[in-house]
There are 2 protein chains.
Amino acid sequence: MKKLRFAVVAVDAACFRIVAGDLHVLLGRVNVEPHYKNRWGLIGGLILSSENADVAVERHLRNKAGIGRVYKEQLYTFSSIGRDPRGRVISVAYLCLAPEALTESVGDVETRWCSVRDIPALAYDHDEILNSALERLRSRIGYTNIIQRLLPKEFTLTDLQTTYEIVLHKKLDKRNFRKKVLETKLVVTTDKKERKGASRPAILHKFSSRTVVNIEIL
Amino acid sequence: MKKLRFAVVAVDAACFRIVAGDLHVLLGRVNVEPHYKNRWGLIGGLILSSENADVAVERHLRNKAGIGRVYKEQLYTFSSIGRDPRGRVISVAYLCLAPEALTESVGDVETRWCSVRDIPALAYDHDEILNSALERLRSRIGYTNIIQRLLPKEFTLTDLQTTYEIVLHKKLDKRNFRKKVLETKLVVTTDKKERKGASRPAILHKFSSRTVVNIEIL
DNA sequence: ACAAAAGTGTTTTTCTTACACCCATGC
DNA sequence: GCATGGGTGTAAGAAAAACACTTTTGT
């Protein structure tokens, strides 16, 4: 192999989760003097030569934020010259989804879940990455079953509708929503019910397939 | 900046073009002994530290295949460990579109345009890249105006329809096609006509915007 | 006058949207 | 028995699909 030029390759994860009825994103503390003092940014880090980008995302989320088993899909690769003030870093960005009831432990980095409606100015080009990720998420829940990764395995149709409404930030019609969701066959009933307070118990539903499926538009 | 691990970062272009009523892709000769003898692959190459990925794609298409001014959009980043037998190479893949009447000069690599229905086994993971690119192209012509980059600036509606049919590999209804295309307002008439053989001349049309537009689905 | 491709509307069917009441339970 | 959220159908409007003939030109 002839002389080759090398670059630093990283991954960055825009990891979303429903917290208290609002869409939140996982941020980590960034302290890169003299460029960024005490800022926030997405969780990310370098790709090792022994792993591919998907594995690198998992590792960094686990080590830095203490979370594992999130859903992830590649978003876009950011390669502007000046995106990292310390040097040339190309970053493969990911969209990640974590369930509301996430089991979290501590990691190497100070982290927090931040409402997407209240994001501070982020380090690097992470604002741009986050915006693409949000746009992609909102578009993809319309024609795939990925929203299941924001929910527990079993959920009521009201929970599902509420999750759509939180992500899309708009109200949906209950009857039309149920009709559409059920006729895709991606969501099926279980024989369990959820009792919650003084009201009729709701039938629990689940997704029929855990793998990502594109809804046919024929 | 602390010790960092480095990888080689490349770009690969799946560059499409209409040739003789069929969708073709640009291939370049690959001779990487002992791994690939006299194979074909996509056009690509390394990213320099002075350029971003978009610029690298342009440079390699110009230098290796002698073509410039193609439309390009990022597709996906391929990072499997073994995708290049010579060593660790991460590749940012691009979908590119070239007009039928392309001005081409010779480049450093032997190239050919090959019908997508007759692709040989390609080097590296270029089969996989090509398949993603084709899928993306077919899906994106449905909700953007990118198909204009496969056509000359001015074209008849029949040309436009034929181009859709070639890419999608299925027949469309003439009246419904025209109705739909014209009501998006993305395509407008010019005051020119094209005379071609013994038949009624067709009005030439053009796209109202050269920049990529997503068609609203409200 | 005829061959060849361009151009043009209407009907049917399908999908989307809007909308209001009864049901099962806990207290 | 009443408050709470769960569950259900229909009608009107919009969008998509199917379909065939007339127009303009060159020869």
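Side-chain atoms are counted along with the backbone in the values below, which use heavy atoms only and exclude waters and symmetry mates.
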Engineer: Please report, rounded to the nearest Å, how far the C1' atom of C:dG9 is from the CZ atom of B:F177.
Structural biologist: 18 Å

Engineer: Atom NZ of A:K193 and atom P of C:dA24: how far apart are they, to the nearest Å?
Structural biologist: 8 Å

Engineer: Can you tell which of C:dG7, D:dC19, D:dT8 lies closest to the side chain of B:D173?
Structural biologist: D:dC19

Engineer: Which residue lies toward the 5' end of DNA chain C, B:L157 or A:E183, if each is placed at its nearest nucleotide?
Structural biologist: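 It is B:L157, whose closest nucleotide lies nearer the 5' terminus.
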
Engineer: Would you say the side-chain atoms of A:N31 pair up with the backbone N or O of A:K37, donor to acceptor, closer than 3.5 Å?
Structural biologist: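 Checked: no pair found.
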
Engineer: Among the nucleotides C:dA24, C:dT8, C:dA4, which one has an atom lying closest to any side-chain atom of B:S199?
Structural biologist: C:dA4

Engineer: Applying ring pair (Phe, Tyr, Trp, His ring centres under 6.0 Å), which residue pairs with at least one partner in residues 172-205 of chain B are found, sequence neighbours left out?
Structural biologist: B:Y164-B:F177

Engineer: Decide yes or no, distance alone: a donor-acceptor N/O pair under 3.5 angstrom between the base of C:dA20 and the side-chain of A:R175.
Structural biologist: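 Such a pair exists between side chain and base.
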
Engineer: Just compare D:dA18, C:dC19, C:dG7 and give me whichever is closest to any side-chain atom of B:A202.
Structural biologist: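 Nearest to the side-chain atoms of B:A202, counting from C-beta on, is C:dG7.
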
Engineer: Expressed as a whole number of angstroms, how long is the span from B:I203:CD1 to C:dA5:P?
Structural biologist: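 Rounding to the nearest Å, CD1 of B:I203 and P of C:dA5 are 18 Å apart.
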
Engineer: Do A:R138 and A:L134 have side chains that approach each other closer than 4.5 Å (heavy atoms only, starting at C-beta)?
Structural biologist: yes

Engineer: Rounded to whole Å, please give me the gap between CD in B:E194 and P in C:dA5.
Structural biologist: 12 Å

Engineer: For the side chain of A:P201, starting at C-beta, report the closest nucleotide among D:dC19, C:dA24, C:dG26.
Structural biologist: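 The listed nucleotide nearest to A:P201's side chain is C:dA24.
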
Engineer: Rounding to a whole Å, what distance do you find between B:H205:NE2 and C:dA6:P?
Structural biologist: 12 Å

Engineer: Indicate yes or no for a side-chain donor-acceptor contact from A:T144 to the backbone of A:V212 under 3.5 Å, with no hydrogens or angles considered.
Structural biologist: no

Engineer: Using the side-chain heavy atoms of A:R195, tell me which of these nucleotides is nearest: C:dG26, D:dC19, D:dG6.
Structural biologist: C:dG26

Engineer: Ring centres under 6.0 Å, that's the criterion: do B:F207 and B:F155 meet it?
Structural biologist: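 Centroid distance B:F207-B:F155: below 6.0 Å, so yes.
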
Engineer: Could you tell me the separation between the CZ atom of A:R200 and the P atom of D:dG7, rounded to a whole number of Å?
Structural biologist: 6 Å

Engineer: Which is true for A:K196 with a 4.0 Å heavy-atom rule: it touches a base, it touches only sugar-phosphate, or it touches nothing?
Structural biologist: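 Nothing: the residue A:K196, judged by heavy atoms under 4.0 Å, touches no strand.
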
Engineer: Contact class for A:T158 (heavy atom, under 4.0 Å): base, sugar-phosphate, or nothing?
Structural biologist: sugar-phosphate

Engineer: Is there a donor N/O on one and an acceptor N/O on the other, under 3.5 Å, for the side chain of A:K179 and the base of D:dT10?
Structural biologist: yes

Engineer: Between D:dG6, D:dG9, C:dG9, spot the one nearest the side chain of A:R178, thanks.
Structural biologist: D:dG6

Engineer: Quick check: on DNA chain D, is the nucleotide nearest A:A198 upstream (toward 5') of the one nearest A:N176, or the reverse? Name the residue that is more 5'.
Structural biologist: A:A198

Engineer: Once you round it to whole Å, what is the distance between C1' of D:dG5 and CG of A:D159?
Structural biologist: 12 Å

Engineer: Can you measure A:L182 atom CG to D:dG6 atom C1' for me and round it to whole angstrom units?
Structural biologist: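 Whole-Å distance recorded here is 13 Å.
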
